[in-house]
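Shown next, in structure tokens, is the structure this report addresses.
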Amino acid sequence: MPPPRWLRAALLLLGLLFGLGAAAGIGVGLFGAAWLRSQLPAVTADASVVGGAAVAFGAGLAILGLAHVAVALWLERPSRPVRAIAVVGALVLAMVSVVGLATVGVTLAREASATPLWAAVPLLAAAFSIYAALAVSLLRVERR
């Protein structure tokens, strides 16, 4: 039994969103490093270091987005080794979502000024649900 089609669509959407985030991170790192540096509290890093970090973060998001698209395309013709990699990746990202939820919860409990973080709660919960459903679905495919 193949994984549900909505999982493939969700992975493609997540790949697109990671790609957009990558473009934004790389763009800000290359063209807005001074602005980004001005948004930070007093740090010893200069604008080029902050910009380099933003570009590196954007590159990481691009790799993550490409991985999502690759898994979504692979779901049509799964193989055992790639299925194992996809299951492990989905479980890792599900746990990262849980850690993100815990971090948001602690931050909201400690700081009243963190109210905008509430927007991250449904996004992280949705991410956990998608990654957990993908892992379970792939494991069910393996058992049949």
Side-chain angles (χ1 to χ4, degrees), residues 1-33 35-37 39-41 43-45 47-144:
M1 178 176 154
R5 295 192 82 49
W6 70 267
L7 280 177
R8 184 171 187 251
L11 285 169
L12 288 171
L13 177 63
L14 287 168
L16 174 68
L17 292 175
F18 279 121
L20 292 173
I26 292 170
V28 167
L30 292 175
F31 304 110
W35 170 81
L36 184 59
R37 165 75 173 70
Q39 302 302 306
L40 298 172
V43 295
T44 58
S48 63
V49 171
V50 173
V55 169
F57 186 76
L61 287 177
I63 292 168
L64 198 53
L66 288 173
H68 279 74
V69 171
V71 169
L73 296 176
W74 162 81
L75 285 175
E76 290 301 313
R77 284 189 237 124
S79 66
R80 291 186 92 159
V82 178
R83 183 181 300 125
I85 292 168
V87 168
V88 170
L91 291 173
V92 166
L93 289 171
M95 290 310 302
V96 167
S97 302
V98 170
V99 170
L101 280 169
T103 303
V104 167
V106 168
T107 304
L108 287 169
R110 295 187 74 197
E111 297 185 32
S113 63
T115 304
L117 281 178
W118 276 108
V121 172
L123 295 174
L124 288 167
F128 171 78
S129 300
I130 290 168
Y131 293 128
L134 175 62
V136 168
S137 179
L138 290 172
L139 289 171
R140 284 186 179 160
V141 169
E142 179 65 25
R143 294 176 70 202
R144 292 181 193 259

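No side-chain heavy atom of Leu134 sits less than 4.5 Å from a side-chain heavy atom of Leu93. Looking at heavy atoms from C-beta onward, Leu12 lies out of side-chain contact with Leu16 at the 4.5 angstrom threshold. Between Leu73 and Arg8 the shortest side-chain heavy-atom distance falls below 4.5 Å. Considering only heavy atoms from C-beta on, Val69 stays 4.5 Å or farther from Leu11 through its side chain. Residues Leu14 and Tyr131 form a side-chain contact, since some pair of their non-hydrogen atoms from C-beta on lies under 4.5 Å apart.
What you find for Ala86 and Val71 is that their closest heavy atoms are CB-CG1, 4.1 Å. Here the shortest heavy-atom pairing between Ser97 and Ala127 reads OG-CB, 3.5 Å. In plain terms, the two heavy atoms of Ala120 and Val104 that are nearest each other are CB-CG2, 4.1 Å. Residues Phe18 and His68 approach most closely at CE1-CE1, 3.4 Å, considering heavy atoms. Taking both residues in full, the closest heavy atoms of Leu91 and Ala135 are given as CD2-CB, 3.6 Å, listed atom of the first, atom of the second, then distance. For Leu101 against Val121, the heavy-atom pair with the smallest separation is CD2-O, 3.7 Å.
By the neighbour-count criterion of 12 heavy atoms within 6.0 Å, atom CH2 of Trp118 is sparsely surrounded, having that number or fewer from other residues, nucleotides or ligands.
The distance from the CG atom of Leu138 to the CD1 atom of Ile85 is 12.0 Å, given to the nearest 0.5 Å. How far CH2 of Trp6 is from CG of Leu13: 12.0 Å, rounded to the nearest 0.5 Å.
For the pair Arg37 (side chain) and Ala45 (backbone), a donor-acceptor distance under 3.5 Å is present.
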